Trainee: 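This structure is in structure tokens; I'll ask about it shortly.
Remember, predicted model here, so these are calculated numbers, not experimental data. Side-chain atoms are counted along with the backbone in the values below, which use heavy atoms only and exclude waters and symmetry mates. In the text below, chain A, chain B and the rest are named by the order of the sequence lines, each starting its count at 1.
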There are 2 protein chains.
Amino acid sequence: MNVTPESRVKRATIEDVAKLAGVSRQTVSRAVNDKAEIDAETKRRVLDAARSLNYRPSRFARGLIRQDTTTLGLIISDIGNPFFPELASGVLRAAQARDWQVVLYDTGEDPEREVLALSTLAAQADVGAGFLTSPEVFAHAERLGVPFAVLDPGWDAGAAPGVGIDIAGGVRLAVRHLAAAGHRRIGMIDGAAGPHDKRRTSFLAVAEELRLDVGEDDVQSAPRSVEGGAEAIGVLRARKPEITAVFAYNDILAVGAVRGLKAAGVRVPEDFAVVGFDGLPLGELVEPPITSVYVDIRRMGELAVAAAAELLAGRTPEPVVVSPELRVRGSA
Amino acid sequence: MNVTPESRVKRATIEDVAKLAGVSRQTVSRAVNDKAEIDAETKRRVLDAARSLNYRPSRFARGLIRQDTTTLGLIISDIGNPFFPELASGVLRAAQARDWQVVLYDTGEDPEREVLALSTLAAQADVGAGFLTSPEVFAHAERLGVPFAVLDPGWDAGAAPGVGIDIAGGVRLAVRHLAAAGHRRIGMIDGAAGPHDKRRTSFLAVAEELRLDVGEDDVQSAPRSVEGGAEAIGVLRARKPEITAVFAYNDILAVGAVRGLKAAGVRVPEDFAVVGFDGLPLGELVEPPITSVYVDIRRMGELAVAAAAELLAGRTPEPVVVSPELRVRGSA
DNA sequence: TTGTACGCGTTATCAT
DNA sequence: ATGATAACGCGTACAA
């Protein structure tokens, strides 16, 4: 007499409805799909039967026949980070325009979960898009045979199809802006998973290029949260009190930095300048608003869907690179 | 080398692989599914064939056989509103725990798009959950026969299964807090779609109960955005300069109100108090931080999935109501 | 207008 | 270890 808690109620099939209505499956099909060649009275009877049995056509059986539903699997790192809803927004819009379904996977930036998500995605979706933490994970996607559009490779994506960001260019804008304001000792709050992140390497490269007084240990890693940013700025200043500006991996960290500075009684931007990356709307709400390297994230989402569509058609998508621009607001 | 012909639109089937590897379909199935009873050499050959044909099993055919994949359709109003990522986070977590897929529909709070989303959802998912703007839209879900867990009915959900919020209780907390601080002339910024929203009606009811100097026209509707809030507070104060506090439909609007007030040179909370609803993390970042009626949104998401699971099992989920609590921060 | 028969791509069962 | 055959639930020529 034991029934498993998770036991799914077995759904009625088209056959059941046919039997109850005293017609053939074909007639049921006609009724539920609103086909023309059917008697009004019969249709009503069939629909009643369907309703009383709580009948819904199986999406699997139906999908088998008409290959017209496309599903995109979207992999993001953390939906709690405002960056990703913004991206999802673009993806959703583009997907809706194409009448695609979007299934969402949140990996928490954990490589293992990414691989897992990729595997389920391969089984449940026609094509994938999103953020992966490393080339190795992307290799897994290739191994599975899922067409996948890589987004924002902080690592070097090489020939991987997808949408890139001109991170080096963006970082250059940020550091140049700080240097132009007279800052020579600049720190960085790094939020990258690995040490080979482009934001980090670009930062160091540009600093060297501009002959700034910046070294490896002026880069402080932090978890990507407001608290992480606040803490990191403290560490940075304790280690090197002479720094007068900081470049943050993203706007969340920048907000945290500003918050940490204010808590320490440091005025922004008068005493200390902060530049973020991403240009999230969020950055405008805080005081002072965050000067940031703006990236059109929604557009990235749309481009990702376009790339996925190409992949699906068996073509190789044109490489696309989104160019950031500097949005000077209050913090630097 | 290994060039995939562009002409091939259709995906390779198990049959194709079988033919190429010179085995039966069954053997291919064994190989790709990692079954035991297969020769290592054969397996390798089959896998090679599969790879070269870019073979991936059809999720439809597979789903037809093993009824073990559950898909939840999540309907949200606007992923650009930080409330919804928060909710999605809870849903995603609970779904992942059950090994469910989550497909996302953003309706932009447009009833027509809600109905549309519901229809697609009915065809693509096993069960739905989310926000619907009206009882009529929910009725459509019932008509379609999709089990659906209704979230946060700002309208009276009656017997509809899902997760409720004790909105009246939350509003009471907010207004009481303002009244206790001596405010008697309180406005409201309404972000509801319709006029019968619980936040609005509760606000008026509590105000009357506390014999405050509040009338129907102290409620100003606004689009749910920061700008909307800023504008609304202006309208409200222009119409009735004596008001000293405002209750906002949600935190976004509250942030907007604060911003509008500051722009007008009004100090918060010294000259004017603002209370929001939702208790988003965002509210802590602005200056002053938003005092708000906190709702455990992620938990709501998890409860929604639980309710959906009940529905799927053919049971009627226990009615659940989430109780908000007041989080006093800086703005009131 | 209605019913019959077959195919969609996969896996399970049973036989070899 | 491998293969033949039968489902799974639905749509659609084709026949009645």
Trainee: Under 4.0 Å, counting only non-hydrogen atoms across every strand here, what does B:R56 touch: a base, just sugar-phosphate, or nothing?
Mentor: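 The residue B:R56 makes sugar-phosphate contact but no base contact.
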Trainee: Please report the distance, rounded to the nearest Å, between CZ in B:F60 and P in D:dG11.
Mentor: 13 Å
Trainee: Is the base of D:dG3 touched by the side chain of B:R30 through a donor-acceptor pair closer than 3.5 angstrom?
Mentor: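 By the distance-only test, yes, there is a pair.
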Trainee: From D:dC10, C:dG9, D:dG3, pick the nucleotide closest to the side chain of B:T27?
Mentor: D:dG3
Trainee: As a test of reading the structure: which of C:dT11, C:dT10, D:dA4 is closest to the side chain of B:A61, going by heavy atoms?
Mentor: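 In terms of side-chain proximity for B:A61, the closest of C:dT11, C:dT10, D:dA4 is C:dT10.
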Trainee: How many Å lie between CD on B:E15 and P on C:dG7, as a whole number?
Mentor: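 It works out to 12 Å between those atoms.
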Trainee: Regarding C:dT13, can its base be found pairing with the side chain of B:Q26 as donor and acceptor, where the two atoms are less than 3.5 Å apart?
Mentor: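 Looking at the base of C:dT13, it does pair with a donor or acceptor on the side chain of B:Q26 (distance under 3.5 Å).
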Trainee: Estimate the overall bend of the helix from C:dT1-D:dA16 to C:dT16-D:dA1 from the end axes over five pairs each, rounded to 10 degrees.
Mentor: 40°
Trainee: Rounding to an integer number of Å, can you tell me how far B:D68 CG sits from C:dT10 P?
Mentor: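 Going from B:D68 (CG) to C:dT10 (P), I get 16 Å.
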Trainee: Would you kindly check whether a donor in the side chain of B:R62 faces an acceptor in the base of C:dG9, or vice versa, at under 3.5 angstrom?
Mentor: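 No such pair is found, so the answer is no.
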Trainee: Could you give the CD-to-C1' distance, from B:E41 to D:dA1, as a whole number of Å?
Mentor: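 Taking CD of B:E41 and C1' of D:dA1, I get 13 Å after rounding.
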Trainee: Report the relative orientation of the aromatic rings in B:F131 and B:F83; use parallel for angles under 30°, tilted for 30 to 60°, perpendicular for over 60°.
Mentor: perpendicular
Trainee: Is any NZ, NE, NH1 or NH2 atom of the basic residue among A:E41 and A:R44 found under 4.0 Å from an Asp or Glu carboxylate oxygen of the other?
Mentor: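 Result for this pair is yes, salt bridge flagged.
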Trainee: Select one nucleotide: of D:dA4, D:dC10, C:dT11, the one nearest the side-chain heavy atoms of A:I65.
Mentor: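 Side chain of A:I65 sits closest to D:dC10.
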Trainee: So, taking the atom named CD in B:E109 and the one named CD in B:E114, what distance separates them when rounded to the nearest 0.5 Å?
Mentor: 7.0 Å
Trainee: Tell me whether A:K43 is salt-bridged to A:D34, with the criterion being a basic N under 4.0 Å from an acidic carboxylate O.
Mentor: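 Answer for the salt bridge query: yes.
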Trainee: Counting heavy atoms from C-beta on, name the nucleotide in D:dC8, C:dG3, D:dC10 closest to the side chain of A:V23.
Mentor: C:dG3
Trainee: With no hydrogens and no angle check, is any side-chain donor or acceptor of A:D110 less than 3.5 Å from a backbone partner on A:T107?
Mentor: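 Absent.
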Trainee: Given C:dT11, D:dC8, D:dG11, identify the nucleotide with an atom nearest to the side chain of B:I14.
Mentor: C:dT11
Trainee: Rounded to the Å, how far apart are B:N33 CG and D:dT2 P?
Mentor: 16 Å
Trainee: Within less than 4.0 Å of OP1 or OP2 of C:dT2, is there a side-chain N or O belonging to A:T42?
Mentor: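 Indeed, a polar side-chain atom of A:T42 lies that close.
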Trainee: Within this structure, what is the CD-CD1 distance for the pair A:E86 and A:I76, rounded to the nearest 0.5 Å?
Mentor: 12.5 Å
Trainee: Specify the separation, in whole Å, of atom CG of B:L64 and atom C1' of C:dG7.
Mentor: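 Roughly 12 Å, once rounded to whole Å.
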Trainee: Please determine whether a side-chain nitrogen or oxygen atom of A:S29 lies at a distance below 4.0 Å from atom OP1 or OP2 of D:dG11.
Mentor: yes
Trainee: Output yes when at least one side-chain N/O atom of A:S58 is less than 4.0 Å from OP1 or OP2 of D:dG9, else no.
Mentor: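 So the side chain of A:S58 is outside the cut-off, no N or O lying under 4.0 Å from OP1 or OP2 of D:dG9.
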Trainee: Any Lys/Arg nitrogen of A:R59 or B:D126 sitting under 4.0 Å from an Asp/Glu carboxylate oxygen of the other?
Mentor: yes
Trainee: Could you state the CZ-P distance from B:R25 to C:dT13, rounded to the nearest angstrom?
Mentor: 16 Å
Trainee: In whole angstrom, what separates A:R66's CZ from D:dG9's P?
Mentor: 18 Å
Trainee: So, is B:S24 close to the D:dG3 phosphate, meaning a side-chain N or O under 4.0 Å from OP1 or OP2?
Mentor: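 B:S24 to D:dG3 OP1/OP2: side-chain N or O found under 4.0 Å.
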Trainee: As a test of reading the structure: which of C:dT2, D:dC10, C:dT11 is closest to the side chain of A:D39, going by heavy atoms?
Mentor: C:dT2
Trainee: Keeping B:Q101 on the side-chain end and A:Q124 on the backbone end, is there a donor-acceptor pair under 3.5 Å?
Mentor: no
